[in-house]
Amino acid sequence: MTNILLLSDTHGYIDNDILKYVKQADEVWHAGDIGDLKVTDTIKELKPLRAVYGNIDDAKTRGEFPEHNRFMCEDVDVWITHIGGYPPKYNTKVTTDIKQNPPRLFICGHSHILKVMPDKNLHLIHMNPGAAGKHGFHKTRTMLRFTIDGKKIDNLEVIEFPVRHPK
């Protein structure tokens with residue numbers, strides 16, 4: 001069984017609240033808009049990291065992380081990208097590939113809106129962890145954690161923090 005922490009849209013922000021959950025995970029997955037490599041460097045010091053770059057990320061971040069990251073976690077085919085859309089309206093950059101070869105778990109960020117939903121047509125689960133950083137319109141910072149055990153995706157939990165904008 002693999003314990004996953006899924007976050008996105010940190011926009012250069014990382015704090016002890018996030019790191020508490022990083023330490024509890026077996027792997028951390030970041031769905032883009034990292035904002036500053038100090039975020040991913042800090043995570044990588046503690047746990048294995050899989051990540052993609054987002055639309056706000058600079059050339060250095062794009063050089064370190066791909067736009068799309070597709071891999072197997074145990075027996076689950078996972079695809080992470082930053083701008084992916086939602087079932088059934090996927091981003092045009094992924095529509096053909098996702099319909100021809102759907103993963104079991106499709107993850108994206110970008111919207112700052114936490115959402116987990118099935119795509120019954122493609123037989124996949126779509127996850128967006130919302131935004132863990134403080135930049136954006138969201139009023140609550142969010143992340144997801146869950147387990148993968150063989151083919152089973154289970155124990156989904158929403159983690160919420162107040163935004164706490166500086167005064």
Side-chain angles (χ1 to χ4, degrees), residues 1-74 76-85 91 93-94 97-98 103-116 125-148 153 155-166:
M1 180 166 54
T2 308
N3 295 297
I4 308 298
L5 176 66
L6 174 61
L7 69 160
S8 186
D9 295 275
T10 48
H11 292 264
Y13 183 78
I14 192 155
D15 65 4
N16 288 329
D17 290 335
I18 294 170
L19 293 175
K20 170 187 161 188
Y21 289 96
V22 167
K23 292 172 187 171
Q24 295 172 9
D26 296 321
E27 292 185 12
V28 178
W29 300 351
H30 195 302
D33 277 3
I34 296 161
D36 189 319
L37 287 176
K38 74 176 182 176
V39 171
T40 50
D41 290 345
T42 301
I43 293 169
K44 286 190 293 187
E45 287 177 11
L46 299 169
K47 296 293 174 167
L49 173 70
R50 298 178 191 263
V52 295
Y53 69 78
N55 57 294
I56 66 117
D57 290 317
D58 62 15
K60 191 172 179 184
T61 304
R62 290 170 189 241
E64 184 165 337
F65 299 105
E67 180 178 11
H68 304 280
N69 193 347
R70 190 155 184 179
F71 57 91
M72 294 296 293
C73 179
E74 298 199 20
V76 176
D77 182 4
V78 180
W79 181 355
I80 304 175
T81 192
H82 185 60
I83 302 175
N91 181 286
K93 287 184 173 184
V94 303
D97 289 339
I98 203 166
R104 176 71 182 103
L105 179 57
F106 183 66
I107 296 169
C108 64
H110 186 62
S111 70
H112 292 218
I113 299 168
L114 186 144
K115 192 178 284 195
V116 177
I125 296 171
H126 175 276
M127 290 185 185
N128 184 324
K134 291 186 175 183
H135 177 79
F137 64 88
H138 56 285
K139 293 188 178 6
T140 303
R141 297 170 34 231
T142 57
M143 305 184 298
L144 292 171
R145 69 177 172 179
F146 56 95
T147 60
I148 294 180
I153 302 166
N155 302 311
L156 180 65
E157 180 184 356
V158 173
I159 301 163
E160 297 180 322
F161 307 110
V163 171
R164 288 183 247 160
H165 287 292

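Computed from heavy atoms alone, side chains included, the values below leave out hydrogens, waters and symmetry copies.
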Residues Thr2, Asp26; criterion side-chain hydrogen bond (donor to acceptor under 3.5 Å, both in side chains); working and verdict
CA-CA 6 Å; Thr2 308; Asp26 296 321; 5.2 Å; no

Begin from the C-alpha positions of Val116 and Ile125 and carry the test side chain to side chain contact (heavy atoms under 4.5 Å, CB included) through to its verdict.
CA-CA 7 Å; Val116 177; Ile125 296 171; 4.2 Å; yes

How many angstroms lie between atom CD1 of Ile56 and atom NE2 of His82, to the nearest 0.5 angstrom?
7.5 Å

Between Val22 and the options Leu7, Val28, Asn16, the side chain to side chain contact (heavy atoms under 4.5 Å, CB included) test singles out Val28

Between Pro66 and Thr81, is any pair of side-chain heavy atoms under 4.5 Å apart?
no

Identify, with sequence neighbours excluded, every residue that meets side chain to side chain donor-acceptor pair (under 3.5 Å) alongside Asn91.
none

Tyr53: partners by ring pair (Phe, Tyr, Trp, His ring centres under 6.0 Å), with sequence neighbours left out
none

Evaluate Asp15 against Phe161 for side chain to side chain contact (heavy atoms under 4.5 Å, CB included), listing each step before the verdict.
CA-CA 11 Å; Asp15 65 4; Phe161 307 110; 5.8 Å; no

For residues 24-47, pull every pair meeting ring pair (Phe, Tyr, Trp, His ring centres under 6.0 Å), keeping only residues two or more places apart or in separate chains.
Trp29-Phe71, Trp29-Phe146

Between His110 and Gly85 (side chain of the first, backbone of the second, donor and acceptor by atom type, cut-off under 3.5 Å), is there such a pair?
no

Rounded to the nearest 0.5 Å, how far apart are OH of Tyr21 and CG of Asn3?
13.5 Å

Close side-chain approach of Leu156 to Leu144, heavy-atom, < 4.5 Å:
yes

So, Thr142 side chain and Glu160 main chain: donor-acceptor pair closer than 3.5 Å or not?
no

Nearest non-hydrogen partners of Met143 and Leu114, listed with the distance
O-CD1, 4.1 Å

Stepwise side chain to side chain contact (heavy atoms under 4.5 Å, CB included) check, Leu37 with Phe65:
CA-CA 10 Å; Leu37 287 176; Phe65 299 105; 3.8 Å; yes

Can you tell me how far apart CG (Leu105) and CG (Leu6) are? Round to the nearest 0.5 Å.
8.0 Å

Residues which pass side chain to side chain donor-acceptor pair (under 3.5 Å) with Asp57, listed by chain and number, not counting sequence neighbours:
none

Go through the structure and list residues passing salt bridge (Lys or Arg N to Asp or Glu O under 4.0 Å) with Arg104, not counting sequence neighbours.
none

Pairs involving residues 59-73, ordered by first then second residue, that meet salt bridge (Lys or Arg N to Asp or Glu O under 4.0 Å) (sequence neighbours left out):
Lys44-Glu64, Glu67-Lys93, Arg70-Asp77

Between Thr10 (side chain only) and Gly133 (backbone N and O only), is there a donor and an acceptor less than 3.5 Å apart?
no

Which residues pass the salt bridge (Lys or Arg N to Asp or Glu O under 4.0 Å) test with Asp97, sequence neighbours left out?
none

Side chain to side chain, Pro103 and Val78, heavy atoms closer than 4.5 Å:
no

So, does Lys134 use its side chain to make a donor-acceptor pair with the main chain of Tyr13 at under 3.5 Å?
no

Please identify each residue that fulfils side chain to side chain donor-acceptor pair (under 3.5 Å) with Thr61, with sequence neighbours left out.
Asp58

For the residue pair Ser111 and Asn128, what are the closest heavy atoms and their distance?
OG-ND2, 3.1 Å

Name all residues meeting the side chain to side chain donor-acceptor pair (under 3.5 Å) criterion together with Asn69; count only those two or more places apart in sequence or in a different chain, and write none if there are none.
none

Gap separating the CD1 atom of Ile153 from the CE atom of Met127, nearest 0.5 angstrom:
5.5 Å

Closest heavy-atom contact between Asp9 and Gly130?
OD2-O, 3.9 Å

Please confirm whether the backbone N or O of Leu5 pairs with a side-chain atom of Arg145, one donor and one acceptor, at under 3.5 Å?
no

If you look only at pairs with a residue in residues 27-40, which of them pass as a salt bridge (Lys or Arg N to Asp or Glu O under 4.0 Å), with sequence neighbours excluded?
Glu27-Arg50

Looking at NZ of Lys139 and NE2 of His112, how far apart are the two atoms once the value is rounded to the nearest 0.5 Å?
13.5 Å

Rounded to the nearest 0.5 Å, what separation is found between the NZ atom of Lys23 and the CD1 atom of Ile43?
12.0 Å

Who are the side chain to side chain contact (heavy atoms under 4.5 Å, CB included) partners of Ala31, not counting sequence neighbours?
Ser8, Ile80, Ile107

Residues forming a ring pair (Phe, Tyr, Trp, His ring centres under 6.0 Å) with His126, sequence neighbours excluded
Tyr86, Phe106

